[in-house]
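Everything on this sheet refers to the single structure shown next.
Source: prediction; values computed, not measured.
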Amino acid sequence: MRPTKRITWLLIAALFLSICANVLLLPPKPAQAASIGTVDENDTIYQIMVDRFHDGDPTNNATGAAIRYGENSEDDFRYMKGGDWQGVIDKLSYIKNMGYTAIWISPVAEPQLTSRDNNGSGKNTAYHGYNVKDPNSANPYFGTKEKLKELVDSAHALGIKVIIDVVPNHVGDYMLGTQAYYDIPSLQPAAPFNNPSWYHHNGDIDWSLVDGVYTQAAQDYMENHDLAGLDDIDFDVPAAKQAIFDSIKNWFTYTGADGARVDAAKLMKPTDIGALQNYLGVNTFGENFDGNAEFVSRWVGPNKEWGMLDFPLFFSVLNSFAYGQSFDSHVKNTFAQDSYYGGNENHMVTFIDNHDRNRFLTEAGGNVQKLQNALTFIFAARGLPVVFQGTEQNKGNGNGQIITGGIADTWNRWSMVKRDASGNVIQNYFNENTDTYQYVAKLNQIRKIYEALRKGKQREMWSAQNLYAFSRRIDSGSQTGQEVVAVFSNASSGTQTVTMPLRAESTLTAGTILTNQLNPSDTVTVQTGGVTGKQITVSIGANSAKLYAKALSGPVDTIAPSVPTGVTAVAAGATSIQVNWTASTDNVGVTGYEVYRNGVKVGQTASTSYTDTGLAPATEYAYTVKAYDAAGNLSGFSAPPVLATTPAGGSVTIYYKNTAYANAYIHYKLDGSTTWTTPPGTALQESSYAGYKSATIPLGNASGLTAAFNNGSGAWDNNGGADYHFDSGVWSLVNGSKTAGVPQPDSVTLQVSVPASTPANGPVYVSGTFNSWNPADPAYQLTKGTDGVYAITLSLPAGTAASYKLTRGSWATVEVNANGTDLANRTLTPSGGAQSISVTVQRWKDQ
């Protein structure tokens with residue numbers, strides 16, 4: 001939102017365009033390719049910088065000055081190296097053998113090949129993919145869009161999910177500073193993104209103004225300025241927002257990718273990224289390069305992102321594990337702020353370094369023991385861990401160099417295949433025998449075996465200068481009571497021995513033997529005593545970790561059931577489809593099946609049949625099925641996706657906003673029927689419109705429905721006992737006010753009737769708390785209609801109490817009572833959506 005006032009006709013135009021944009025953000029059509037299930041707490045992620053991974057197809061390499069194979073000087077790291085999607089395909093087994101369940105790859109769109117240095121022929125910026133020329137075309141140096149889909153398909157065949165790095169906001173360096181034209185023609189982006197009116201032109205972010213400042217004004221400033229010369233898309237321009245959303249969505253529709261990492265999320269409104277996530281239909285996690293947990297948490301939750309990169313924890317891990325600083329001062333303090341995440345702390349994506357930070361091993365002075373200790377920590381702690389390519393090869397920054405100040409983007413971005421200046425391979429770093437490669441494989445296996453390390457609630461057990469311990473416990477479900485106790489030392493030498501009480505929540509009993517999953521010969525026994533009545537005594541050496549848990553009885557089942565076959569899907573009515581399949585087989589036994597609609601899990605069943613309900617009429621859906629066993633092993637997806645279409649029929653879509661209801665339900669009956677739904681009715685779901693929940697209800701042969709709403713706990717919104725009626729189509733209901741169509745931005749339109757003595761051309765102004773009581777503010781001048789009624793639309797958020805009066809340009813011409821006495825200030829408090837209020841001026845003060 002730009003901090004400038006707009007005259008009335010601009011407000012109306014913006015309102016109209018915003019409505020058009022929101023109409024476009026409808027649920028996507030079924031994907032051509034299906035996800036194998038979106039990224040979630042069960043995953044561990046391997047981060048791949050494609051250009052710096054492996055050159056699987058030399059024919060798509062850049063040529064001439066754009067590529068440098070050698071990595072001897074810092075400048076060498078600013079050029080392309082030849083890695084591509086074929087190279088990732090070639091090394092998927094390397095990743096699979098480490099136990100990762102997901103990969104995060106670089107942005108996939110066609111990049112800007114050069115920077116604006118030397119009149120547009122400067123250092124190559126294409127290798128990382130964050131500078132985009134054409135969001136709708138594939139990066140030709142990585143391969144074709146067909147090759148990208150092959151990568152996703154190949155990963156899926158191995159049970160590996162694919163997360164695509166997306167850049168929805170600051171796209172490329174097209175225009176200079178505040179200029180609104182292309183000063184260097186070669187830097188102009190592809191259509192339709194070559195429209196200067198789609199971008200802000202406020203210049204670069206001055207970080208000295210906003211670093212450490214967490215006000216709304218600082219956030220508005222960041223959202224409306226460029227990032228290091230990269231032009232910032234103006235999301236207040238609906239066509240621009242829709243175009244960038246569509247460009248990203250198309251990659252997911254075509255490939256069936258499973259998640260998105262959102263670059264520079266702090267430069268976008270959380271609700272805008274939430275709308276993008278809903279549009280993509282997969283979970284996303286964003287980047288907010290900040291150590292303030294409260295600030296980062298603003299992007300996590302309903303109508304926002306599923307998770308965020310955990311920069312607050314990263315800084316604590318770096319200080320405590322690389323530099324041996326106090327756990328009390330860093331890790332403990334960070335975890336104490338987990339409440340900010342509103343129960344979503346297990347969605348935080350943890351890391352010890354990445355493509356923008358120095359390699360951890362360099363920060364740790366080359367100490368591999370510290371590296372493995374830090375890796376153990378993020379694999380055991382709440383959240384899901386991501387590890388940057390090459391960490392498993394015990395290699396820090398190139399040439400042992402550390403990067404200071406700002407973003408680390410040279411020495412840390414070395415290639416997994418080292419070449420000389422002519423491109424000849426000197427060494428590759430795909431060694432599966434390094435101790436850290438094998439250690440990561442062990443961590444992945446332990447995390448897979450113990451659900452507590454994936455989904456368990458984390459609770460602190462001990463914190464001191466050089467020792468920290470926590471419990472991860474499953475509090476509900478089939479694995480209730482499963483618990484892992486994680487203990488860490490960052491002492492530089494010696495052994496620490498401490499007796500620590502178990503948590504009060506623990507159901508481990510005295511006498512229980514706990515085994516260190518990192519070293520099965522190391523055990524401790526739960527003893528009576530301590531403040532909770534149960535305790536363990538742990539001895540731990542310098543820079544090391546222990547993960548204590550009950551050994552699982554019998555051999556661990558790690559074999560997944562066979563892939564379901566013979567899948568069929570047929571319409572079972574206007575709003576339901578029945579899916580059937582042939583039973584899978586398993587080495588122990590199949591427990592049940594998961595059913596996915598358009599790549600998203602919609603249900604599970606123990607049988608080989610499932611009926612999917614609540615669908616929209618005349619809509620095609622794609623179905624796939626997975627099998628699972630008692631150990632939680634999941635098969636791959638049935639293939640190919642099976643399509644089925646519901647028959648035609650009318651429906652009602654209702655967008656509902658009631659600021660008093662945290663949850664909302666619709667209780668209704670169809671026209672022509674006397675049967676109501678069972679109270680409280682159908683739960684409304686979060687929509688892409690901030691503050692609104694929605695439901696689409698099939699009508700069959702009915703023309704509409706009668707409804708009342710409630711919060712599920714006895715509070716009802718029933719239109720004063722008269723209930724609400726909705727014909728087929730789309731409706732919005734805001735705090736009792738019903739309008740046709742999708743939700744509109746909060747606003748109030750004043751329709752003002754004036755005395756006949758008012759001069760023919762006015763002017764008439766509104767003055768109030770919203771413009772510092774300026775009686776002649778040109779931005780608040782009303783427009784006279786052909787019927788003689790004056791009007792203005794005020795953009796006031798719902799619940800904003802405002803006072804105002806009408807004037808003809810001065811306080812000497814303010815409105816008064818019919819007898820000439822002063823009129824009390826008028827007041828209004830918008831309930832939300834687009835409202836209209838009729839006002840009559842009885843007399844002007846000067847008449």
Side-chain angles (χ1 to χ4, degrees), residues 316 320-321 324-339 345-346 373-374 376-382 443 446-447 449-554 556:
S316 291
S320 289
F321 285 88
Q325 295 176 10
S326 170
F327 283 125
D328 272 341
S329 301
H330 296 288
V331 169
K332 176 185 177 67
N333 181 59
T334 299
F335 283 142
Q337 301 175 72
D338 273 1
S339 59
E345 62 269 20
N346 279 347
N373 200 25
T376 309
F377 183 80
I378 64 169
F379 272 78
R382 93 290 181 274
L443 292 174
I446 295 170
R447 187 178 166 93
I449 292 171
Y450 287 95
E451 184 179 344
L453 291 179
R454 307 191 306 272
K455 297 182 178 180
K457 177 66 177 177
Q458 180 168 315
R459 299 178 175 98
E460 185 177 282
M461 291 179 62
W462 194 271
S463 183
Q465 174 81 17
N466 298 118
L467 191 145
Y468 192 81
F470 58 78
S471 160
R472 298 287 307 278
R473 183 180 186 273
I474 296 293
D475 291 341
S476 62
S478 62
Q479 299 297 321
T480 297
Q482 186 187 96
E483 185 173 359
V484 178
V485 174
V487 186
F488 299 89
S489 167
N490 68 355
S492 59
S493 61
T495 298
Q496 300 180 77
T497 299
V498 61
T499 298
M500 62 182 70
L502 297 184
R503 292 284 309 194
E505 297 86 355
S506 177
T507 50
L508 295 173
T509 57
T512 300
I513 297 174
L514 303 179
T515 301
N516 177 9
Q517 300 302 305
L518 297 169
N519 177 9
S521 64
D522 173 20
T523 63
V524 296
T525 301
V526 177
Q527 302 169 330
T528 57
V531 295
T532 63
K534 294 175 293 184
Q535 59 190 9
I536 57 174
T537 299
V538 177
S539 293
I540 187 168
N543 288 315
S544 63
K546 298 192 174 188
L547 303 178
Y548 285 111
K550 287 176 61 176
L552 301 180
S553 58
V556 177

- Can you check whether Asn490 reaches Asn543 side chain to side chain, under 4.5 Å on heavy atoms? yes
- Query: Can you name the nearest heavy-atom pair linking Pro501 to Trp462, along with the distance?
  - Reply: CD-CZ3, 4.3 Å
- Gap separating the CZ atom of Arg454 from the CD1 atom of Ile449, nearest 0.5 angstrom: 10.0 Å
- Message: Does either side chain, that of Ser471 or that of Glu483, offer a donor lying less than 3.5 Å from an acceptor on the other one?
- Response: yes
- Task: Before giving the answer on side chain to side chain contact (heavy atoms under 4.5 Å, CB included), spell out for Leu467 and Met500 the whole-Å C-alpha distance, their side-chain angles and the decisive distance to 0.1 Å.
- Result: CA-CA 11 Å; Leu467 191 145; Met500 62 182 70; 4.2 Å; yes
- Message: Using only atom types and a distance under 3.5 Å, with no angle test, would you say the side chain of Arg472 pairs donor to acceptor with the backbone of Leu453?
- Response: yes
- Is there a side chain to side chain contact (heavy atoms under 4.5 Å, CB included) between Arg473 and Thr507 once you walk through the steps? CA-CA 10 Å; Arg473 183 180 186 273; Thr507 50; 3.2 Å; yes
- In terms of the angle between their ring planes, are Phe377 and Phe488 parallel, tilted or perpendicular, with boundaries placed at 30° and 60°? perpendicular
- Gln517 side-chain N/O to Thr515 backbone N/O, donor-acceptor pair under 3.5 Å: yes
- Task: Specify the closest pair of heavy atoms between Ser326 and Ala464, including all atoms of both residues, with the distance to one decimal.
- Result: OG-O, 4.4 Å
- Message: Between Tyr468 and Glu460, do the side chains contain a donor N or O and an acceptor N or O under 3.5 Å apart?
- Response: yes
- Would you confirm whether Lys546, through its side chain, and Ser539, through its main-chain N or O, come within 3.5 Å as a donor-acceptor pair? yes
- Lys455 and Ile474: which non-hydrogen atoms are nearest, and at how many Å? C-CD1, 4.0 Å
- Query: Which pair of non-hydrogen atoms, one from Ser489 and one from Ile540, has the smallest distance, and what is that distance?
  - Reply: N-CD1, 3.8 Å
- Query: Do Val485 and Val524 touch side chain to side chain, with heavy atoms closer than 4.5 Å?
  - Reply: no
- Task: For residues 502-514, pull every pair meeting salt bridge (Lys or Arg N to Asp or Glu O under 4.0 Å), keeping only residues two or more places apart or in separate chains.
- Result: Arg459-Glu505, Arg503-Glu505
- Give the minimum heavy-atom separation between Gly324 and Asn466, together with the two atoms involved. O-ND2, 3.9 Å
- Item | Full working for side chain to side chain contact (heavy atoms under 4.5 Å, CB included) between Leu547 and Phe379 | CA-CA 10 Å; Leu547 303 178; Phe379 272 78; over 6 Å; no
Between side-chain atoms of residues 525-533 and protein atoms elsewhere (two or more places apart, or another chain), which donor-acceptor pairs fall under 3.5 Å?
from	atom 1	to	atom 2	distance (Å)
Thr532	OG1	Leu502	O	2.8
Thr532	OG1	Lys534	O	3.2

- Task: Measure the CG-NZ distance between Asn346 and Lys457 for me, rounded to the nearest 0.5 Å.
- Result: 8.0 Å
- Query: Any sub-3.5 Å donor-acceptor pair from Glu345's side-chain atoms to Arg382's backbone N or O?
  - Reply: no
- When every non-hydrogen atom of Leu514 is compared with those of Tyr548, the smallest separation belongs to O-CD2, 3.7 Å
